[in-house]
There are 2 protein chains.
Amino acid sequence: MSKPEYFEDFAVGDTFATQSYTLSREECVAFARMYDPQPFHLDDKAAQESIFRRLAASGWHTAAVIMRLIVRSGFLEKAGILGTGIDDLRWLAPVFPGDTLHVTGEIIALDPDLKGRPFGRMRVQLYAINQNDVRVMSEIANLTVGFRPA
Amino acid sequence: MSKPEYFEDFAVGDTFATQSYTLSREECVAFARMYDPQPFHLDDKAAQESIFRRLAASGWHTAAVIMRLIVRSGFLEKAGILGTGIDDLRWLAPVFPGDTLHVTGEIIALDPDLKGRPFGRMRVQLYAINQNDVRVMSEIANLTVGFRPA
């Protein structure tokens, strides 16, 4: 879609796709050490004995990479777009060091009815997809988007 | 509660609380630069003109800190506890550099009915709470937990 600036410029069904991003092993381990220090995110041998079979990225790392890709895409550089919450976040498949992810988004709901507030609500279905076209994570982002000034 | 190891050891209504963690300004900016490079997470002046009024941590940083605190609490060091997804994640109040967060958890559902699989499902209501006793984020974690071996 073109570059909408205000709530009125969006429509249910609008889609977008981001650039891609490759997670290095170094980044995966650094994120996990700080925020998700479970053995299968840190240590090869422990990971081999886990359900993942090899070192896997933290699911919260995948969530953070999705945010990075969306911010870099420019989608949020609009009037008053702000995230208020996430619904139905699901880790669908493991993410491994070396994987290359991109994100697709589709606007699934727009609700202007906010009792006089200067913004409406938007819901966006997001998928993170790896280099093999496998969906590794899904989530629905709840956003506020400013109305066009009168 | 004591140290349950298997699905059968948990009960709806069980609660836990983690240690606390203080987010430094350096860490907030480093996380945002990497994963959520929006002006109000990076730059004081831009933040002053935003809804946050001052530099705020990324909401995904708060989510990552919650995970850190839960892992460090030992709650996940049980048989086969694995996160499959998150429901109803809400950023309730801003988190600022210097804030000290801790997490409370309550088991709100246990479902053993998994058609012969060796684990049950658990839902845990989580809150991140700051040093002023304000809930800054809530989420429901969906986990699998292994049954006690026969």
Side-chain angles (χ1 to χ4, degrees), chain A residues 21 23-24 27 30-42 50-52 56 58-94 117-119 137-144 146, chain B residues 21 23-24 27 30-42 50-52 56 58-94 117-119 137-144 146:
Chain A
Y21 182 75
L23 287 77
S24 73
E27 183 186 331
F31 186 100
R33 191 172 290 133
M34 191 70 183
Y35 299 114
D36 193 350
Q38 300 187 84
F40 40 73
H41 297 319
L42 296 170
S50 77
I51 192 173
F52 299 116
S58 166
W60 292 106
H61 190 187
T62 303
V65 167
I66 290 174
M67 188 62 185
R68 175 195 172 102
L69 286 167
I70 294 170
V71 173
R72 293 270 168 125
S73 78
F75 181 73
L76 299 178
E77 290 170 11
K78 319 295 180 192
I81 289 201
L82 205 70
T84 59
I86 300 291
D87 293 324
D88 302 342
L89 187 163
R90 292 295 179 272
W91 292 293
L92 304 172
R117 290 182 190 162
F119 52 84
M137 191 180 131
S138 66
E139 62 184 334
I140 295 171
N142 296 285
L143 306 166
T144 61
Chain B
Y21 183 76
L23 287 78
S24 73
E27 183 186 333
F31 186 101
R33 192 172 289 135
M34 191 70 184
Y35 299 114
D36 193 351
Q38 300 186 83
F40 41 74
H41 297 320
L42 296 170
S50 77
I51 192 173
F52 299 115
S58 167
W60 292 104
H61 190 188
T62 302
V65 167
I66 290 174
M67 188 63 186
R68 176 194 171 101
L69 286 167
I70 293 171
V71 173
R72 294 270 168 125
S73 77
F75 180 74
L76 299 178
E77 290 171 11
K78 318 295 180 194
I81 289 200
L82 205 69
T84 59
I86 300 291
D87 293 324
D88 303 342
L89 188 163
R90 292 293 179 272
W91 292 293
L92 304 171
R117 291 182 190 163
F119 52 83
M137 192 180 130
S138 66
E139 62 184 334
I140 295 171
N142 296 286
L143 306 167
T144 61

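As the structure is a prediction and not an experimental result, all values here were calculated from the model. Every chain is numbered from 1 and lettered A, B, ... according to where its sequence line falls, protein lines coming before strand lines.
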Gap separating the [atom1] atom of [X] from the [atom2] atom of [Y], nearest 0.5 angstrom:
{"X": "L82(A)", "Y": "W91(B)", "atom1": "CG", "atom2": "CH2", "value": "9.5 Å"}
{"X": "Q38(B)", "Y": "I81(A)", "atom1": "CD", "atom2": "CD1", "value": "9.5 Å"}
{"X": "L92(A)", "Y": "T84(B)", "atom1": "CG", "atom2": "OG1", "value": "10.0 Å"}

Structural part of L69(B) lying under 4.5 Å from a heavy atom of chain A = neither
Okay, M34(A) and chain B: the region with an atom under 4.5 Å from a heavy atom over there is both
Decide yes or no for W60(A) and I86(B): does some side-chain heavy atom of the first lie under 4.5 Å from some side-chain heavy atom of the second?
-> yes
Report the C-alpha distance between M67(B) and H61(A) in whole Å, list the side-chain angles of each, state the deciding distance to 0.1 Å, and finish with yes or no for side-chain contact (heavy atoms from CB on, under 4.5 Å).
-> CA-CA 11 Å; M67(B) 188 63 186; H61(A) 190 187; over 6 Å; no
Hey, mind stepping through D87(B) and L89(A) against side-chain contact (heavy atoms from CB on, under 4.5 Å) and telling me if it holds?
-> CA-CA 6 Å; D87(B) 293 324; L89(A) 187 163; over 6 Å; no
Step by step, would you call V65(A) with Y35(B) a side-chain contact (heavy atoms from CB on, under 4.5 Å)?
-> CA-CA 6 Å; V65(A) 167; Y35(B) 299 114; 4.0 Å; yes
side-chain contact (heavy atoms from CB on, under 4.5 Å) with D36(B): of I70(A), L76(A), V71(A), only one passes, and it is V71(A)
Name the option with the most non-hydrogen atom pairs under 4.5 Å to chain B; the candidates are P37(A), S138(A), P39(A), A63(A).
-> P37(A)
